[in-house]
Amino acid sequence: MLAQTRGDAPRARLGRARHPRHRAPERSSLPHEPWATPPPEERRFPDTIDGAVTMTSQRWFTEAKLGIFIHWGIYSVDGVAESWSFFDGRIPYDDYMAQLDRFSAARFDPDTWADLFVRAGARYAVLTAKHHDGVALWDTGANDVSVVKRTPAGRDLVAEYVAALRRRDVKAGLYYSHLDWSHPDYATVRRPDEDPAERGNPYSMPAPGEEDPARWGNFLDFHRTQVRELLERFQPDLLWFDGEWERTPEQWGMDALAGEIRTRSPHTVVNGRLTGHGDYATPEQGVPIEPPAGPWELCLTINDSWGYQPQDTHHKSPRQLVRIFAETIGGGGNLLLDVGPQADGTILPEQVARLEALGEWIGRHSAAVYGTDRGMPHGHFYGPSTLSADRRTLYLFVFDRPNEFVVLRGVRNAVTSVRVLGADTEAPHERVGGLGEVPGWEYIHLADADLDPLCTVLALELDGELDLYRTHARDQAVPDGS
């Protein structure tokens with residue numbers, strides 16, 4: 001039996017996870033072991049990619065701006081960290097898997113979820129079809145470790161979720177973990193750069209001298225079977241891979257996997273954790289100061305945990321979420337905002353309220369969100385910005401109450417008008433200074449009555465396509481000795 005095979009693994013020396021993607025970042029004030037990010041030298045693969053897109057590229061993705069991440073699985077029964085709670089030895093593996101017996105999804109209504117996502121302004125969603133614990137939310141034929149076969153829910157939750165989203169024209173994404181800490185053939189090889197004398201974590205690597213490449217081949221067959229099931233049954237608009245860090249791209253056979261995905265489902269967008277072949281970068285839990293040059297997406301928890309953890313009440317405020325969203329789209333990215341449903345399938349009221357507040361703000365300022373491109377680089381304005389598709393309307397996101405005015409710098413264009421979005425009012429503005437090719441400052445005067453409680457957005461109409469001035473070429477200093 002699977003539980004006997006993996007449940008009897010030694011736990012006395014469980015190693016710390018080397019790449020804690022999608023573990024629950026528990027606050028030290030909570031009654032759990034504090035979450036710690038491994039030091040940089042232990043991060044063998046970056047969380048982001050930058051450069052040319054190597055697979056299909058769908059315009060819908062870069063236009064979506066907001067997606068909803070859903071971490072839902074048996075870990076929601078006891079409210080423990082998804083997969084990491086047994087991997088790190090916080091609870092025994094058998095206790096973790098015993099949650100299968102109590103996972104009911106009794107109040108799961110995918111249409112309610114989909115309606116909420118629409119109200120939030122999301123254009124796509126991503127559900128954890130299988131996390132690192134190996135428990136599938138669909139009726140997989142690759143093994144019996146699924147909520148359909150092993151839980152009271154007895155339902156193909158992925159099928160219901162995908163159908164509900166498509167009834168509302170919301171793109172359907174599926175998260176799939178490459179690794180599987182429950183599969184008996186997974187911990188059978190190690191990375192070539194691992195110390196062969198190191199025991200490491202028994203869920204992720206074999207004991208020294210017990211490597212078995214043939215069993216690893218069996219695991220890859222299982223892995224490919226499940227990926228094919230997801231592609232053929234659900235035709236996902238997006239595949240969100242994770243768990244790539246414990247093996248090299250060569251061990252995973254990433255080149256072949258990418259080719260198969262492209263052949264079987266050429267419309268499917270894939271994130272950068274299909275190492276070397278992703279369509280976009282996936283930074284996590286922090287907006288990059290210098291955003292990736294190509295398509296990217298920030299995945300972010302709405303509180304401090306990915307899945308449902310009842311003790312985690314540290315939810316980000318609507319104002320914080322709006323600011324993060326504006327910073328993300330201003331850098332040309334999407335925000336993938338995570339919620340953690342309870343075991344019965346309901347989303348916490350606190351999380352519902354925040355999604356709705358974000359959606360209400362987006363609704364008032366949709367012109368600055370949808371159909372826009374990344375805005376100006378740092379320095380021109382003290383805040384994020386976006387730019388209309390024709391590059392003739394510049395949107396400024398004003399986070400804080402200005403002291404009389406806000407200032408735009410280094411824009412050669414004349415500003416013909418300034419509107420306060422959502423208030424439908426005109427804002428007085430004036431150009432001060434400047435000489436020849438060097439533009440001056442555009443002062444925009446705002447009254448308190450113009451301000452949005454979450455974030456004020458200004459629409460600046462320009463006399464042509466945005467033309468930025470960023471260098472000073474006159475009177476250059478002469479290098480010493482020349």
Step-by-step side-chain hydrogen bond (donor to acceptor under 3.5 Å, both in side chains) determination, H178 to E246:
CA-CA 9 Å; H178 292 296; E246 288 190 338; over 6 Å; no

Applying salt bridge (Lys or Arg N to Asp or Glu O under 4.0 Å) to E465 and R392, what does each step give before you reach the verdict?
CA-CA 5 Å; E465 294 188 11; R392 299 174 67 97; over 6 Å; no

Could you check V407 against F381 for side-chain contact (heavy atoms from CB on, under 4.5 Å), going step by step and ending with a plain yes or no?
CA-CA 7 Å; V407 182; F381 172 69; over 6 Å; no

Given R419 and D450, is the salt bridge (Lys or Arg N to Asp or Glu O under 4.0 Å) satisfied, shown in steps?
CA-CA 10 Å; R419 293 177 294 114; D450 296 326; over 6 Å; no

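Test H315, Q285, H71, H314 against T301 for side-chain hydrogen bond (donor to acceptor under 3.5 Å, both in side chains) and you get one pass: Q285. No option in F87, W84, F241 other than W84 meets the ring pair (Phe, Tyr, Trp, His ring centres under 6.0 Å) test with H132. None of W240, W296, F61 except one satisfies the ring pair (Phe, Tyr, Trp, His ring centres under 6.0 Å) rule with Y280; the exception is F61.
A donor-acceptor pair is defined here as one N or O able to donate and one able to accept, closer than 3.5 Å; such a pair exists between the side chain of T128 and the backbone of W72. In this structure, the side chain of T456 engages the main chain of D452 through a donor-acceptor pair within 3.5 Å. Remark: side-chain polar atoms of S385 are not paired, donor with acceptor, to backbone N or O of L396 under 3.5 angstrom. In this structure, D242 contributes its side chain and S177 its backbone to no donor-acceptor pair below 3.5 Å. Checked by atom type and distance alone, the side chain of W252 pairs as donor or acceptor with a backbone atom of E244 at under 3.5 Å.
F117 and W113 have tilted rings, their planes meeting at an angle from 30° to 60° on a 0 to 90° scale. Using a 30° and 60° split on the angle between ring planes, Y175 and F69 fall in the tilted class, from 30° to 60°.
Aromatic ring centroids of F86 and Y203 lie under 6.0 Å apart.
The heavy-atom pair separating P453 from R319 by the smallest distance is O-NH2, 2.7 Å. Across all non-hydrogen atoms, the minimal contact from V420 to A427 is CG2-CB, 4.3 Å. Annotation for G340 and Y308: closest pair O-CB, 3.4 Å, computed over non-hydrogen atoms. Nearest heavy-atom pair across A125 and V170 is N-CG1, 4.3 Å. What you find for A122 and I68 is that their closest heavy atoms are CB-CG1, 3.7 Å.
Using a cut-off of 4.0 Å between Lys/Arg side-chain N and Asp/Glu carboxylate O, D400 and R323 are scored as salt-bridged. Using a cut-off of 4.0 Å between Lys/Arg side-chain N and Asp/Glu carboxylate O, K65 and E297 are scored as not salt-bridged. Ion pairing of E442 with R431 is present here, as a side-chain N (NZ or NE/NH1/NH2) and a carboxylate O approach within less than 4.0 Å. The pair E63-R123 does not count as a salt bridge, with every side-chain nitrogen at least 4.0 angstrom from each carboxylate oxygen. A salt bridge does not link R391 with D373: every distance from a Lys NZ or Arg NE/NH1/NH2 to an Asp or Glu carboxylate oxygen is 4.0 Å or more. Salt-bridge check for K130 with D180: passed, with a basic side-chain N closer than 4.0 Å to an acidic carboxylate O. Here D115 pairs with R168 in a salt bridge; the nearest charged N to carboxylate O distance falls below 4.0 Å. Of the charged side-chain nitrogens involved, at least one lies within less than 4.0 Å of a carboxylate oxygen, so that E437 and R412 count as a salt-bridged pair.
Under 3.5 Å, the side chains of R470 and H380 contain a donor-acceptor pair of N or O atoms.
Under a cut-off of 6.0 angstrom, the local environment of CG in D169 is sparse, with at most 12 non-hydrogen atoms contributed by other residues, nucleotides or ligands. Within 6.0 Å of CZ in R107 there are 12 or fewer heavy atoms belonging to other residues, nucleotides or ligands. Heavy-atom neighbours of Y443 OH from other residues, nucleotides or ligands within 6.0 Å: above the threshold of 12.
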